[in-house]
Number of protein chains: 2
Amino acid sequence: MTIRLLLADDQALVRGALSALLGLESDLEVVAEVGAGDLVLPAVLEHRPDVALLDVEMPGLDGIAAAAEVRRAAPDTRVLIVTTFGRPGYLRRALHAGAAGFVVKDTPAAQLADAVRRVHAGLRVVDPALATDSLVAGESPLTPRETDVLRAARDGASVAAVAKRLFLSEGTVRNHLSAAIGKTGAANRAEAVITAEGNGWL
Amino acid sequence: MTIRLLLADDQALVRGALSALLGLESDLEVVAEVGAGDLVLPAVLEHRPDVALLDVEMPGLDGIAAAAEVRRAAPDTRVLIVTTFGRPGYLRRALHAGAAGFVVKDTPAAQLADAVRRVHAGLRVVDPALATDSLVAGESPLTPRETDVLRAARDGASVAAVAKRLFLSEGTVRNHLSAAIGKTGAANRAEAVITAEGNGWL
DNA sequence: TCCCGGGCCTGACATTTGTCATGCCCGGGA
DNA sequence: TCCCGGGCATGACAAATGTCAGGCCCGGGA
């Protein structure tokens, strides 16, 4: 009785390599591979895998949003998030979206197959170190609007540009940014962006 | 006659997966794996692989610097850079450091083994699209000092902080930043950092 | 030899950014 | 019902940022 898998990662080489790695296990079988978040659900519906391994950073739709889709439309398929960045907010959002497991890409290769088996068996798989980080970091302190503004300012856009893009007054934008800077403990906009990103709040 | 390989990538899972992928080929054999740039040279000297696959983003020493070390101390080992980011400056610097090939992580998995064989056969392997990008983007227009200052300002540090770290006057720092902003066609510091990073100039 | 250009540095000046106090509107508890 | 917190806005002030003109040093032609 083999476990049927779907792989989603935007880097073809990594996708293929993971496929090779998991294919070495006799009880695992990769039945589908996709390279973008919005292709996950169609592939799941077509192939009905037991477990879907999703990267977070993907074009189209991020892995967490894709996990939520899968959870809704194909609840029998369990989701294991496999990501580069162990950001506390990612873990929180992933679990909230119904993911059954969360693994960082610098865990030893030997553990991946085990994680897949555990998830398939109905267990939850979470990196313990990351779980405590997530508790310490807590939920995002930013209000939705502050998050929007900070996200819009991520690429170095000026206050005026952000204001125009979000149809806000410049003063309001400055206010939201100021609040975000305060809440993140940063000294300026750039630092605020960095810590917010690092915590997975954007 | 098998080709002996060394793998260097900071993400253990990717390293293991690549190892599995390449291990499927009967003429390839992975003889060493390391997870940091400064471990590359010792491992090369110990195992004398035919080809070293190096990631660019690694702790300790970046893959390009490691390539230069290998080139100097073990010229028989050919270097193939395998990286996430196809930044023009990376390619240029990699070739300059004596790398024999440059592959981006979103090339199809099937092509990797071929790239390894070609490099081993003494050929140069370069993604053609990337090569033209590299030509278009040209060399970094930033002077060494401008590069230093921009790099120091990358994390959102203030002018005062950068000045102190680099033992410069604040005015000088502002000036270098202004020059970098002008040369990159950016509107401010943050944008300058983004385009410079995107081109591999930092 | 003199001149020129580039890299590096500096201080003055205008603009942008961040902070603060304040006010208005709205929806959801107590 | 009242109150509170979030979103939105304004205006004023201080601090940081970006621009500019200019000076110093060095190496490479004319």
Side-chain angles (χ1 to χ4, degrees), chain A residues 89 92-93 96 137-202, chain B residues 89 92-93 96 137-202:
Chain A
R92 178 183 309 277
R93 280 160 49 207
H96 201 256
E139 223 162 329
S140 172
L142 305 177
T143 68
R145 222 48 185 166
E146 285 161 6
T147 308
D148 288 344
V149 172
L150 194 55
R151 210 194 327 258
R154 197 163 23 174
D155 56 1
S158 67
V159 168
V162 172
K164 201 176 294 177
R165 205 186 313 168
L166 268 57
F167 305 103
L168 291 177
S169 130
E170 298 196 10
T172 303
V173 170
R174 274 209 282 272
N175 262 344
H176 284 310
L177 283 175
S178 184
I181 291 167
K183 288 179 180 178
T184 53
N188 56 46
R189 193 182 310 197
E191 279 188 12
V193 167
I194 292 171
T195 67
E197 274 189 335
N199 283 318
W201 293 338
L202 295 190
Chain B
R92 179 184 310 277
R93 280 159 50 206
H96 201 256
E139 222 161 331
S140 171
L142 304 176
T143 68
R145 219 58 178 143
E146 286 160 4
T147 308
D148 289 343
V149 172
L150 195 55
R151 209 194 328 257
R154 195 163 24 172
D155 56 0
S158 67
V159 169
V162 173
K164 201 176 295 177
R165 207 187 312 169
L166 269 57
F167 305 101
L168 290 177
S169 129
E170 299 196 9
T172 304
V173 171
R174 274 207 282 276
N175 226 2
H176 284 311
L177 283 175
S178 184
I181 290 168
K183 288 179 179 176
T184 54
N188 56 46
R189 191 182 311 196
E191 278 188 11
V193 167
I194 291 171
T195 66
E197 274 189 336
N199 283 318
W201 293 339
L202 295 190

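Just so it is clear, the values below take in all heavy atoms, side chains as well, and ignore hydrogens, waters and symmetry mates. Below, chain A is the first sequence line, B the second, and so on; all start at residue 1.
- Expressed to the nearest 0.5 Å, how far CG of B:Leu202 lies from CD1 of B:Ile194 amounts to 11.5 Å.
- Considering every non-hydrogen atom in both A:Gly200 and A:Arg93, the closest pair reads O-NH1, 3.0 Å.
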Could you pull out every donor-acceptor pair under 3.5 Å between side chains of residues 159-170 of chain B and any protein atom, sequence neighbours left out?
from, atom 1, to, atom 2, distance (Å)
B:Ser169, OG, B:Gly171, N, 3.0
B:Ser169, OG, B:Thr172, N, 3.4

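- The side-chain heavy atoms of B:Asn199 and B:Arg92, taken from C-beta on, include no pair separated by under 4.5 Å.
- For the side chain to side chain donor-acceptor pair (under 3.5 Å) test, residues two or more places apart in sequence or in another chain that qualify with A:Arg145 are A:Asp148.
- Between B:Leu142 atom CG and C:dG6 atom P there is a gap of 16 Å when expressed in whole angstrom units.
- At a non-hydrogen distance threshold of 4.0 Å, nothing from residues 147-154 of chain B comes into contact with DNA chain D.
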query = Under a cut-off of 3.5 Å for both distances of each Watson-Crick or G-U pair, what dot-bracket string does DNA chain C give, using [ ] for crossing pairs and | for inter-strand pairs?
reply = ||||||||||||||||||||||||||||||
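- One distance of note links CZ of B:Arg151 with CG of B:Leu142; it measures 10.0 Å at 0.5 Å rounding.
- Less than 4.0 Å separates DNA chain D from at least one heavy atom of each of the following residues of residues 173-182 of chain B: B:Arg174, B:Asn175, B:Ser178.
- We find that CD of B:Glu146 is positioned 14 Å from P of D:dG18, with the value rounded to whole Å.
- Nucleic acid contact class of B:Thr172 (heavy atoms, under 4.0 Å, all strands): base.
- Atoms CG (B:Asn188) and C1' (C:dA14) sit 17 Å apart, rounded to a whole Å.
- The phosphate of D:dC8 has OP1 or OP2 within less than 4.0 Å of a side-chain N or O from A:Arg145.
- Taking a 4.0 Å limit (strictly below) on heavy-atom distances, residues 160-169 of chain A does not reach DNA chain C anywhere.
- A:Glu170 places its CD atom 19 Å from the P atom of D:dC13, with the value rounded to the nearest Å.
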Heteroatom pairs (N/O) under 3.5 angstrom, protein to nucleotides 24-26 of chain C:
none

Sequence neighbours left out, cut at 3.5 Å: what donor-acceptor pairs do the side chains of residues 184-193 of chain B make with other protein atoms?
from, atom 1, to, atom 2, distance (Å)
B:Thr184, OG1, B:Ala180, O, 2.8
B:Thr184, OG1, B:Ile181, O, 3.2
B:Asn188, OD1, B:Ala190, N, 3.1
B:Asn188, OD1, B:Glu191, N, 3.0
B:Asn188, ND2, A:Gly156, O, 2.6
B:Arg189, NH1, B:Ala157, O, 3.4
B:Glu191, OE1, B:Ala187, N, 3.0

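- Atom CD of A:Glu191 and atom C1' of D:dA16 are 13 Å apart (whole Å).
- For B:Glu197, the salt bridge (Lys or Arg N to Asp or Glu O under 4.0 Å) partners are B:Arg154, not counting sequence neighbours.
- Applying the salt bridge (Lys or Arg N to Asp or Glu O under 4.0 Å) criterion to A:Arg174, with sequence neighbours excluded, gives no partner residue.
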